[in-house]
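Each chain gets a letter, A, B and so on, in the order its sequence line appears, and its residues count up from 1. None of the values given here were measured: they were computed from a predicted structure.
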Amino acid sequence: MPTALDPAALRTPVVAWFEEHARDLPWRAADRTPWGVLVSEVMLQQTPVVRVEPAWRAWMRRWPGPADVAAASTADVLRAWDRLGYPRRALRLQECARAVVERHGGDVPDDEAALLALPGVGSYTAAAVRAFAFGRRSVVLDTNVRRVLARAAAGAALPAPAQTVAEVRLAASFVPADDAGAARWAAASMELGALVCTARAPRCDACPVRDVCAWRAAGRPGDAHADRRRTQAFTGTDRQVRGRVMALLRDALGPVPQEAVDALWPDAGQLRRCVDALLADGLAVRVPGVDDDTPATYRLPH
DNA sequence: AATACGGGGTC
DNA sequence: GACCCAGTATT
């Protein structure tokens, strides 16, 4: 086991690099609001920055605060979400807006427990909102930070498939004690992972901590967990079918007849199961025909 | 601890 | 065609 990496030896160059190279993202602007930060974090759950940015701008222009989202039609919310993926996140975001209005008078809370209690907010998002919206200390551990620490501190090519307690403890040991420093480290370490210490082709030559990186020192060994990482398929899965149904309902001007839904997918059984699941999830609504001769229609929830 | 959950860009 | 993306909720 190599000598433990001194937190400051990693932090100082990374934060300095961040001052120079931070992207100019709208949810980082001086006029940002806690709600805007929360919206960005939910949109960024499994969706890349480049796709979120335009959607976030349009969303925030249309619904600047949680009360605006709370009052909106769910159908409009789902259409504005468009193709950001996992539309249940849009549903949760609206539930979250309503919870912020009802529980907190329209102000995003800044304490961990209250944030975690909001729909769609898990450990990462709660920590990120604390740091980026309120400048408070928290342990922000997303896929970027996990990778940076796995390489720089643990000498591994990639973090383990599932987050471990040891990993959280390691991450916590790098977080400065003060609020401002912790928030800065969170943003800087994430940005390094996003721009330099990337999953695919890391730009080690441009890395501010190449001299202290354990992975680089070890000769950039391969991924030890490669055998246990299974890539999730998409083609032919329920996720693809659900996506097609949601796209049809989103783009439709009015109710969609049963036969239009039926034409979406060749496997009638799978399609049926997926539509039923969407109804159960609250992502779609089935409107029965007025009599036995008129077919049912489908639409987004109001 | 595993699994479900979108969709698109990139190598 | 595989891999990845500022994860969360459920089982």
Enquirer: Rounding to the closest angstrom, what is the interatomic distance between B/dG8 and C/dT8 at atom P?
Expert: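 23 Å, rounded to whole Å.
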
Enquirer: For A/Val121, answer base if it contacts any base atom (sugar-phosphate contacts may also be present), sugar-phosphate if it contacts only those atoms, and nothing otherwise; contact means non-hydrogen atoms under 4.0 Å.
Expert: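 Sugar-phosphate only.
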
Enquirer: Checking contacts here: which listed nucleotide (C/dC4, B/dG7, C/dA6) is nearest the side-chain heavy atoms of A/Met190?
Expert: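 Nearest to the side-chain atoms of A/Met190, counting from C-beta on, is C/dA6.
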
Enquirer: Rounded to whole angstrom units, what separation is found between the OH atom of A/Tyr86 and the P atom of B/dT3?
Expert: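 About 14 Å, once rounded to whole Å.
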
Enquirer: Name the nucleic acid region contacted by A/Trp81, choosing base, sugar-phosphate or nothing; use a 4.0 angstrom heavy-atom cut-off, strictly under.
Expert: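 Since no nucleic acid heavy atom lies under 4.0 Å of A/Trp81, the category is nothing.
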
Enquirer: May I have the distance from A/Gln232 (atom CD) to B/dC5 (atom C1'), rounded to whole angstrom?
Expert: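 Rounded to the whole Å, the gap is 8 Å.
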
Enquirer: Between A/Glu53 (CD) and B/dG8 (P), how many Å, whole number?
Expert: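 Distance, rounded to whole Å: 18 Å.
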
Enquirer: Looking for any heavy atom pair under 4.0 Å, which part of the strands does A/Arg28 touch: base, sugar-phosphate only, or nothing?
Expert: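 Counting heavy atoms under 4.0 Å across all strands, the contact made by A/Arg28 includes a base.
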
Enquirer: Here's a test of your reading of the structure: between A/Gln163 and A/Arg89, which maps to the more 5' nucleotide of DNA chain B?
Expert: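 Whichever sits nearer the 5' end wins; that is A/Gln163.
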
Enquirer: Would you say A/Arg137's side chain and A/Asp178's backbone share a donor-acceptor pair under 3.5 angstrom?
Expert: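 Side chain of A/Arg137 to backbone of A/Asp178, a donor-acceptor pair under 3.5 Å: no, none is there.
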
Enquirer: Within the modelled atom types, does a donor on one side and an acceptor on the other bring the side chain of A/Arg23 and the base of C/dA6 under 3.5 Å apart?
Expert: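 Per atom types, the contact qualifies.
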
Enquirer: For A/Val50 and for A/Ala277, locate the closest nucleotide of DNA chain B by heavy-atom distance; then report the residue assigned to the nucleotide nearer the 5' terminus.
Expert: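 Closer to the 5' end of DNA chain B: A/Ala277.
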
Enquirer: With sugar-phosphate meaning primed atoms plus P, OP1 and OP2, does A/Thr143 contact a base, only sugar-phosphate, or nothing at under 4.0 Å between heavy atoms?
Expert: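 Here A/Thr143 touches the backbone only, sparing every base.
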
Enquirer: Would you check if there is a donor-acceptor pair between the side chains of A/Tyr298 and A/Gln258 at a distance under 3.5 Å?
Expert: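 Result is yes, a qualifying pair exists.
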
Enquirer: Within the structure shown, what part of the strands sits under 4.0 Å from A/Arg273 by heavy-atom distance: base, sugar-phosphate, or nothing?
Expert: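 Result for A/Arg273 = nothing.
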
Enquirer: Heavy atoms from C-beta onward define the side chain here; which of B/dG6, B/dG7, C/dT8 lies closest to that of A/Thr125?
Expert: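 Closest nucleotide to the A/Thr125 side chain: C/dT8.
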
Enquirer: Compare all side-chain heavy atoms of A/Leu300 with those of A/Thr74 and state whether any distance is below 4.5 angstrom.
Expert: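 Heavy-atom side-chain distance check fails, nothing below 4.5 Å.
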
Enquirer: Please check if atom CD in A/Glu259 has more than 12 non-hydrogen atoms from other residues, nucleotides or ligands closer than 6.0 Å.
Expert: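 No, not enclosed.
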
Enquirer: What is the distance from CG of A/Leu283 to P of B/dA4, rounded to the nearest Å?
Expert: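 Taking CG of A/Leu283 and P of B/dA4, I get 18 Å after rounding.
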
Enquirer: Does a distance-only test, which skips hydrogens and angles, find a donor-acceptor pair under 3.5 Å between the side chain of A/Arg51 and the base of B/dG7?
Expert: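 Flag set: donor-acceptor pair detected.
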
Enquirer: Using distance alone, with no hydrogens and no angle criterion, decide if A/Thr235 and A/Gln240 have a side-chain donor and acceptor under 3.5 Å apart.
Expert: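 Distance-only check fails for A/Thr235 and A/Gln240.
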
Enquirer: Let me know the distance between CZ of A/Arg83 and C1' of B/dG8, rounded to the nearest Å.
Expert: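 Rounded to the whole Å, the gap is 10 Å.
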
Enquirer: Nearest whole Å is fine: how far is C/dG7 P from A/Arg147 CZ?
Expert: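 A/Arg147 atom CZ is separated from C/dG7 atom P by 10 Å.
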
Enquirer: Does a distance-only test, which skips hydrogens and angles, find a donor-acceptor pair under 3.5 Å between the side chain of A/Arg200 and the base of C/dC4?
Expert: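 Looking at the base of C/dC4, it does not pair with any donor or acceptor on the side chain of A/Arg200 (distance under 3.5 Å).
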
Enquirer: So if I take every side-chain heavy atom of A/Phe234 and compare against C/dG7, B/dG6, C/dC4, which nucleotide ends up nearest?
Expert: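 The listed nucleotide nearest to A/Phe234's side chain is B/dG6.
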
Enquirer: What is the nucleic acid contact for A/Leu116, judged by heavy atoms within less than 4.0 Å: base, sugar-phosphate only, or nothing?
Expert: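 Here A/Leu116 touches no strand at all.
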
Enquirer: Do the non-hydrogen side-chain atoms of A/Trp27 and A/Val52 ever get within less than 4.5 Å of each other?
Expert: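 Yes; the side chains approach each other to less than 4.5 Å.
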
Enquirer: Could a donor-acceptor pair under 3.5 angstrom be found where the side chain of A/Thr47 meets the base of B/dG7?
Expert: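 No, the side chain and the base share no sub-3.5 Å donor-acceptor pair.
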
Enquirer: Choosing from B/dC5, B/dG6, C/dC5, which nucleotide comes nearest the side chain of A/Pro87?
Expert: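 Ranking B/dC5, B/dG6, C/dC5 by closest atom to the A/Pro87 side chain puts B/dG6 first.
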
Enquirer: Where the side chain of A/Gln45 is defined as all heavy atoms beyond and including C-beta, which of B/dC5, C/dA6, C/dT8 is the nearest nucleotide?
Expert: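 Of the options given, the side chain of A/Gln45 lies nearest C/dT8.
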
Enquirer: What is the nucleic acid contact for A/Ala128, judged by heavy atoms within less than 4.0 Å: base, sugar-phosphate only, or nothing?
Expert: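 No contact.
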
Enquirer: In whole angstroms, how far is the C1' atom of C/dT8 from the CG atom of A/Leu141?
Expert: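 Nearest whole value for this atom pair: 15 Å.
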
Enquirer: Whole Å only: how far is the CZ atom of A/Arg230 from the C1' atom of B/dT3?
Expert: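 Checked: the CZ to C1' distance equals 7 Å.
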
Enquirer: Given the P atoms of C/dA6 and B/dC5, what is the spacing between them in whole Å?
Expert: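 Rounded to whole Å, the distance is 23 Å.
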
